[in-house]
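Residue indices begin at 1 and follow the sequence shown.
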Amino acid sequence: MTSDASRSTSPAGPPAAPYLNLLVTMVMFGSAFAGSKVVVGAMPHQMAAALRFGSGAVLLIVLAVALRRRSAPIGRAAALRAGLIGLLGVLAYNYFFFWGLSLAPALDGSVIVPVLSPILTTATLLLLRREKASWARVTGLLVGLAGAAVFLLGVGGGADNQRLLGDLVFVAGAACWAAYSILSKSLLAGTAPLRATAWGTAVGGLGLVILAAPTAGGVAWSEVSGLAWANIAFLAIGPTAVAYLFYYRGLREVSPSMATVMMFTVPVFGTFFSTVFLGESFTGVQLAGTVVMLAGALLAVLGNTLVERSARLRVPVDKQVEGVS
């Protein structure tokens, strides 16, 4: 039996392991941009997406079966909803994601997608009045969108028109991911997340395979490098299956808000991998836009929390002033 004294001296909050799980997830997510760019350089973007998520779907299904005793079975209705959402979060999102990579540097995608997605998600929830608005959150949204505009303007014109088009495609992908996040939260409430993701990834991956089928004949398979195949294997195992397993474990003890904050480390890891392994770089204006966009995203997501904490801190001071007067 544990004594009251030992309980009182135990550290508050979850141990470090869940945060390490989430950190591994963010590293994997960040590495996906550079790895996917290598694959897109070896084959059409449709085929690259199909190979990653076709293989990833198989691995997630294996994980869901292996861990089936830890979660309740998914019913037919939930499986259908998960599949439909997978068409948005896997099929549509990754079509835009890999298309964007075929036009623009991975560095751009590693900033636009993980930073702009929470901004678009928050803006939609506020417009639908499903979350509470505050001056801090609205300001954060405006700042974040301004940062995104600066980032896109920093691409320039002329020879960079293709890069700008790719960045706009990344924006479309971010919008798909925002819609996926909103719908999955409402339509899959109470459903085991690993099983729902396995179903959604399987349906979306099948859709990607169907879209990629017409391009298969144009791929010189014998000329696809070993590096490209190694990245396909890594993407299916690391940023898809393993990353989600670690994310699933981390969320069991860490709040969703904290997980969202940790998601903002993805641009850091994505920038690192794209710079070191691909030799990509920002323009100065893009770097400034990244900082502004990230600051706005943090304020948009955490605005209400910051306002509430500030209000709680002011209450004792106000009471003291009232007592003196």
Side-chain angles (χ1 to χ4, degrees), residues 2 6-35 56 59-60 63-64 66-67 70-71 89 109-111 113-119 121-122 131 136-137 140 144 174 177-178 180-181 184-185 188-189 191-198 201 234-276 290-291 293-310 312:
T2 304
S6 62
R7 283 197 300 266
S8 62
T9 57
S10 61
Y19 294 99
L20 292 176
N21 286 333
L22 290 176
L23 185 61
V24 170
T25 301
M26 303 314 156
V27 173
M28 289 292 177
F29 284 168
S31 68
F33 294 89
L59 291 173
L60 280 171
L63 281 174
L67 300 175
R70 299 186 182 183
S71 59
S110 68
V111 171
V113 175
V115 178
L116 195 57
S117 294
I119 293 176
T121 300
T122 302
E131 287 191 359
R137 300 193 79 179
W177 187 260
Y180 165 76
S181 300
S184 61
K185 184 176 181 180
L188 298 178
T191 305
L194 182 57
R195 295 194 181 201
T197 300
T201 304
F234 168 74
L235 290 168
I237 297 171
T240 305
V242 173
Y244 185 77
L245 178 60
F246 276 77
Y247 191 68
Y248 172 64
R249 288 178 174 177
L251 281 182
R252 289 188 296 183
E253 297 187 64
V254 176
S255 67
S257 61
M258 179 56 68
T260 300
V261 172
M262 293 191 70
M263 186 69 73
F264 290 125
T265 63
V266 172
V268 177
F269 296 119
T271 299
F272 171 79
F273 288 112
S274 298
T275 302
V276 173
T290 298
V291 174
M293 184 164 46
L294 184 58
L298 284 167
L299 188 58
V301 172
L302 301 177
N304 284 348
T305 301
L306 296 175
V307 170
E308 291 171 0
R309 288 183 178 179
S310 178
R312 286 198 298 268

Participant: Is any side-chain heavy atom of M262 closer than 4.5 Å to one of T25?
Facilitator: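 A side-chain contact under 4.5 Å is absent here.
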Participant: Just do the side chain to side chain contact (heavy atoms under 4.5 Å, CB included) check on F29 and T265 with the steps written out, would you?
Facilitator: CA-CA 10 Å; F29 284 168; T265 63; over 6 Å; no
Participant: Do F273 and S110 come close enough that some side-chain heavy atom pair is under 4.5 Å?
Facilitator: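 Side-chain contact under 4.5 Å: no.
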Participant: So, do P114 and F33 sit near enough that their side-chain heavy atoms are less than 4.5 Å apart?
Facilitator: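 With C-beta onward as the side chain, the pair touches.
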Participant: For I119 and G144, work out which heavy atoms get closest and say how close.
Facilitator: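 Heavy atoms only, the tightest pair is CD1-CA, 3.6 Å.
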Participant: Going by side-chain contact (heavy atoms from CB on, under 4.5 Å), V242 matches just one of L59, I237, L63. Which one?
Facilitator: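 Passing option: I237.
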Participant: Please identify each residue that fulfils ring-ring contact (aromatic ring centres under 6.0 Å, His included) with Y180, with sequence neighbours left out.
Facilitator: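 If we apply the ring-ring contact (aromatic ring centres under 6.0 Å, His included) test to Y180, skipping adjacent residues, the hits are W177.
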Participant: Looking only at atom types and distance, does a side-chain atom of S117 sit under 3.5 Å from a main-chain N or O of A178, one as donor and one as acceptor?
Facilitator: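 No, because the side chain of S117 does not come within donor-acceptor range (under 3.5 Å) of the backbone of A178.
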Participant: If every non-hydrogen atom of S181 is compared with every non-hydrogen atom of T121, which pair is closest and at what distance?
Facilitator: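 Taking S181 first and T121 second, the nearest heavy atoms are CB-OG1, 4.4 Å.
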Participant: Just so I know, are the side chains of L294 and V291 near enough to count as touching, which here means a heavy-atom distance under 4.5 Å?
Facilitator: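 SC-SC contact between L294 and V291 ruled out.
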Participant: Could you pull out all residues at least two apart from T240 that satisfy side-chain hydrogen bond (donor to acceptor under 3.5 Å, both in side chains)?
Facilitator: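 Result, side-chain hydrogen bond (donor to acceptor under 3.5 Å, both in side chains) vs T240: R52.
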Participant: Distance check, rounded to the nearest 0.5 Å: M293 atom CE versus L298 atom CG?
Facilitator: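 Between M293 CE and L298 CG, I get 11.5 Å after rounding to 0.5 Å.
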Participant: Any chance you could measure M28, atom CE, to L23, atom CG, to the nearest 0.5 Å?
Facilitator: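 Those atoms lie 10.5 Å apart.
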Participant: Identify the heavy atoms of A243 and P239 that sit nearest to each other, and give their distance.
Facilitator: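 Distance-wise, the nearest heavy atoms are CB-O, 3.5 Å.
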